[in-house]
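Order of appearance sets the numbers: ligands from 1, and atoms from 1 within every ligand.
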Amino acid sequence: MSANWGKHLQLSIFGESHQSAVGINIAGLPAGFRLDEAYLQAFLAARRPGREGTSQRRESDQYHILSGLYEGRLTGAPLCVIFTNNDTHSGDYRQLANLMRPSHSDYPAYVRYHGANDVRGGGHFSARLTAPICFAGALVMSILNTYGIRVDAHILNIGKIQDLRFEEAKMAAYDDLYTKPYPVLDDQRLADMLETVKQAASSQDSVGGSIEAMVSGLSVGLGEPFFDSVESTLSHLLFSIPACKGVIFGDGLAMSSGYGSAYNDPYQYQEGQVVTLSNHNGGILGGLTNGMPLRLTALFKPTPSIARPQSTINVKTHENARLALTGRHDPCVVLRAVPIVRAMLSIGIYDLLLERYGGEFHGFK
Ligand SMILES: Cc1cc2nc3c(=O)[nH]c(=O)nc-3n(C[C@H](O)[C@H](O)[C@H](O)COP(=O)(O)O)c2cc1C
């Protein structure tokens, strides 16, 4: 398994859903930066299950910092943090040692790890691992904020219910996003989204959705083409989020059937600044930021674990079988994934900034 990521900001995640803890070791953080615990807690709360439309697993997400912090400030040594797992119902997963959940990691993981992988709660494949990722992302985001860089995201759709896009909303709406029960730009749509999730759950089903994200305040020329282009770096991180099945930069999907005359972004000087009059390319050209807001959409499939009986296989008896799942699951992962997307983007941008500016970037204090 690959549990490590990053060149300059180096992350190493560990733990499994039903073992004693999950956690992360983070190297490459700036010494002296003061940890804003209230901000971290609020960020983590937006990912937590136990709320309307989410899994009823209840975890406080109270983290324990083992090293790297002294008197509230980062020491410069790797920051190691753990989240203990407290609300595990491991019995719900007993049948999954033999019966493979359709659309989950169970079957390829069974083959790859010779049946030794911990299936309880999805083991290392669980979204539980995203709690420490959100911790790292929120910490890094608070550093980015001191440079005027913002990383925003909202639910763009759940099933057929669509929110506004960033470009259609007022800037003031961005600030309110994280004070709402769930981050949407148009409050009118949230009730319909939650109703869609409720209906899916009550018919023993799940539903997919997408998240739109925007990073603003980036300088021109960030990114390391060829292989560490901005798109490659960010999509590597986004595709590491369980259930993420697509990443579209700017208007990439529409552009693939459009014309240059419609989708080229014309340049203009405005008050001495270079801008583009449209932003179909989502703020990235040639793998480098171009100074316009970086825009992308991350697509999430419907949760694999549904209560409706499904056809599957029994890997012990080598027979076809039926699976009737019990246990607690998210009927729609998008409700919890907005902070995860923001965290991953912050991590990627931060690493690219360190690649470009190195220690200079760290001289904030
Ligand atoms: C926030 C979040 C919560 C999730 N909750 C569940 C869940 O309750 N049940 C489930 O089967 N999958 C859940 N998933 C998705 C699975 O972890 C994922 O589909 C599985 O590991 C297979 O990986 P893949 O879909 O990326 O191929 C969740 C994903 C995220 C991001």
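Remark: minimum distance from atom 2 (C) of ligand 1 to any protein heavy atom is reached at Ala127 CB, 3.3 Å. Nearest protein heavy-atom contact of atom 31 (C) of ligand 1 is Pro242 O, 3.2 Å.
Remark: ligand 1 and Arg336 share no N or O pair separated by less than 3.5 Å (distance only, no angle test). An N or O contact shorter than 3.5 Å links Lys245 to ligand 1 by distance. An N or O contact shorter than 3.5 Å is missing between Ser126 and ligand 1 by distance. At under 3.5 Å, not a single nitrogen or oxygen of Ser105, backbone or side chain, sits near a nitrogen or oxygen of ligand 1.
Among Arg101, Arg47, His104, the residue whose heavy atom lies nearest to atom 16 (C) of ligand 1 is His104. Which of Thr54, Leu325, Asp330, Ile340 comes nearest to atom 3 (C) of ligand 1 through a heavy atom is settled by distance: it is Asp330. For atom 24 (P) of ligand 1, the choice among Ser305, Ala243, Pro339 with the nearest heavy atom turns out to be Ala243.
The proximity of Ala337 to ligand 1, defined as any non-hydrogen pair under 4.0 Å, does not occur for either the backbone or the side chain.
For the salt bridge (Lys or Arg N to Asp or Glu O under 4.0 Å) with Asp87, the lone residue among Arg58, Arg328, Arg57 that qualifies is Arg328.
Look at Asp186 and Arg189 and you find a salt bridge, because one of the NZ, NE, NH1 or NH2 atoms lies within 4.0 Å of a carboxylate O, short of that distance.
Side chain to side chain, Arg322 and Ser311 meet the donor-acceptor criterion of an N or O pair below 3.5 Å.
Short contacts between ligand 1 and Thr303, defined as distances under 4.0 Å to a heavy atom of the residue, involve ligand atoms 6 (C), 7 (C), 9 (N), 10 (C), 11 (O), 12 (N), 13 (C).
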